[in-house]
Peer 1: 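Attaching a single structure in C-alpha cells format; questions to follow.
Per chain, numbering begins at 1; letters A, B, ... match sequence-line order. Side-chain atoms are counted along with the backbone in the values below, which use heavy atoms only and exclude waters and symmetry mates.
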Amino acid sequence: MKKVKIYITLKEGVLDPQGKAVQTSLNTLGFTEVQEARVGKYMELFVEDNVDVEAKVEEMCSKLLANPVIEDYSYTIEEGILQ
Amino acid sequence: MKFAVIVFPGSNCDRDMYFAAKDALGEEADLVWYQDADLSSYDAILLPGGFSYGDYLRSGAIASTSNVVAQLKEQAAKGTPILGVCNGFQILLESGLLPGAMLRNKNLKFMCHQEKLIVQNNKTIFSSLYEEKEAITIPIAHGEGNYYCDERTLQELQANNQIVFTYGDNPNGSVADIAGIMNRQGNVLGMMPHPERAVDKWLGSEDGLRLFQSLLNNWRESYVAGA
C-alpha cells in the first residue's frame with residue numbers, strides 16, 4: 001500500500017480571495033509580517049501498489065483532482081498502512 | 001420544441017428551468033435524471049443551477065465525470081443547443097465544453113440579487129431577440145461565479161465573438177466582466193445569471209424570457225428551412 005500526499009494550489013497570478021481573507025485576518029491579529037497568504041487543498045490517498053502508482057496519480061490529478069486552468073498540483077508517494 | 005432539463009443530485013433550479021420552458025415559453029419539457037438520460041430525442045438541453053454533488057472538490061467537477069457528459073459532448077458536436085446556467089455553466093467548464101474555470105467570488109460572499117447585463121452578441125441562437133448592447137436585468141445567485149481564463153483564451157473569446165453577456169457592474173471579479181460565453185460553434189452557452197428566474201413580471205424581470213424565445217424562434221426557422 002502506498003500513501004500519496006497531494007497538494008493542490010492556485011496557480012501563481014490567479015486571484016485567491018480566500019488567501020486574501022486569511023492574510024487580512026493574520027494582519028489584524030498583529031502578524032503584520034505576513035505579506036501574502038495562499039490557500040490550497042491537501043489530500044491523502046491510500047493506493048494499492050500493484051499498479052504504477054505515479055502514473056495513476058498523475059492521471060487522477062490531471063483528470064479530476066486539480067483543474068489545470070487555475071490549479072497546480074504536486075504529490076509525494078510513501079509507504080503507507082491503511083488504518 | 002422539446003427541452004431536456006438534466007437533474008443531478010443537488011440540482012435545485014431544475015424546476016425553475018422546467019417551468020420556464022414549459023409554462024413561460026409554452027413548449028414541451030422533461031426533467032431527466034442524469035443516470036437515465038437519453039438525450040437523442042431532444043431539441044435543446046438545459047443544465048440547471050444548484051449544487052451538483054454538493055460542490056465537492058470544485059463546483060461542477062464531480063458532475064463532469066458522470067456518464068451523461070459523454071452524451072452532452074455528442075449532442076454539442078451535432079449542433080444541439082445546450083444552455084448551462086450557474087452550476088450548469090460550471091459543469092460545462094469542468095467538462096471542457098467551454099473554456100475557462102470558476103473561482104470564488106472576489107468578495108468571498110454568496111450573492112443573490114438582480115444584476116444588469118449587457119448583451120454583447122445578439123447574433124446567436126440564444127440572444128437574437130435582444131438588441132446589441134441592450135441592458136437587461138437578470139438575477140444572480142452564486143458564491144463561485146468569478147470567471148477566469150488566461151489571456152490567450154480571452155483573446156480567442158473576443159476574436160470569435162464568444163462573449164454573449166457581460167456584467168454592467170461586475171459583482172464577482174470575472175475576467176473582462178464576463179457573465180456568459182458560448183463555444184465557437186455557437187450552440188453551447190454557459191452563463192452565471194439565471195434567465196429562468198426572469199421570465200415573468202412578478203419575478204421582478206421578464207428579460208430572461210427572450211433568451212428562451214430566441215432559442216424557439218431559431219429552432220422554428222431551422223426546422224421550417226430544413227423541412
Peer 1: Among residues at least two apart in sequence or on other chains, which ones pass side chain to side chain contact (heavy atoms under 4.5 Å, CB included) with Glu33(A)?
Peer 2: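 In terms of side chain to side chain contact (heavy atoms under 4.5 Å, CB included), with neighbours along the sequence ignored, Glu33(A) is linked to Phe31(A).
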Peer 1: Do Val68(B) and Leu39(B) come close enough that some side-chain heavy atom pair is under 4.5 Å?
Peer 2: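 A side-chain contact under 4.5 Å exists here.
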Peer 1: List the residues meeting salt bridge (Lys or Arg N to Asp or Glu O under 4.0 Å) with Glu79(A), not counting sequence neighbours, and say none if there are none.
Peer 2: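 Residues passing salt bridge (Lys or Arg N to Asp or Glu O under 4.0 Å) with Glu79(A): Lys2(A).
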Peer 1: Considering only heavy-atom distances, could you tabulate the donor-acceptor pairs under 3.5 Å between chain A and chain B?
Peer 2:
from	atom 1	to	atom 2	distance (Å)
Lys41(A)	NZ	Leu57(B)	O	2.7
Leu64(A)	O	Arg58(B)	NH1	3.0
Leu64(A)	O	Arg58(B)	NH2	2.8
Leu65(A)	O	Arg58(B)	NH1	3.0
Asn67(A)	ND2	Glu94(B)	OE2	3.1

Peer 1: With the side chain counted from C-beta on, respond yes when Phe165(B) and Ile138(B) share a heavy-atom pair under 4.5 Å apart, and no when they do not.
Peer 2: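 No, their side chains stay 4.5 Å or more apart.
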Peer 1: Where does Leu103(B) contact chain A at under 4.5 Å (heavy atoms): side chain, backbone, both or neither?
Peer 2: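 Only the side chain of Leu103(B) comes within 4.5 Å of chain A.
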Peer 1: Can you sort out the partners of Gln35(A) under side chain to side chain contact (heavy atoms under 4.5 Å, CB included), two or more places apart, ordered by chain and number?
Peer 2: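 For Gln35(A) there are no side chain to side chain contact (heavy atoms under 4.5 Å, CB included) partners, ignoring immediate neighbours.
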Peer 1: For the residue pair Met192(B) and Leu117(B), establish whether any side-chain heavy-atom pair is separated by less than 4.5 Å.
Peer 2: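 Result no, sub-4.5 Å side-chain heavy-atom pair not found.
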Peer 1: Check each atom of Leu10(A) against the heavy atoms of chain B and say whether the ones under 4.5 Å are side chain, backbone, both or neither.
Peer 2: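 For Leu10(A), side-chain heavy atoms alone lie under 4.5 Å from chain B.
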Peer 1: Got a second to check how far Leu82(A)'s CG is from Leu45(A)'s CG, nearest 0.5 Å?
Peer 2: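 Output value for this atom pair is 11.5 Å.
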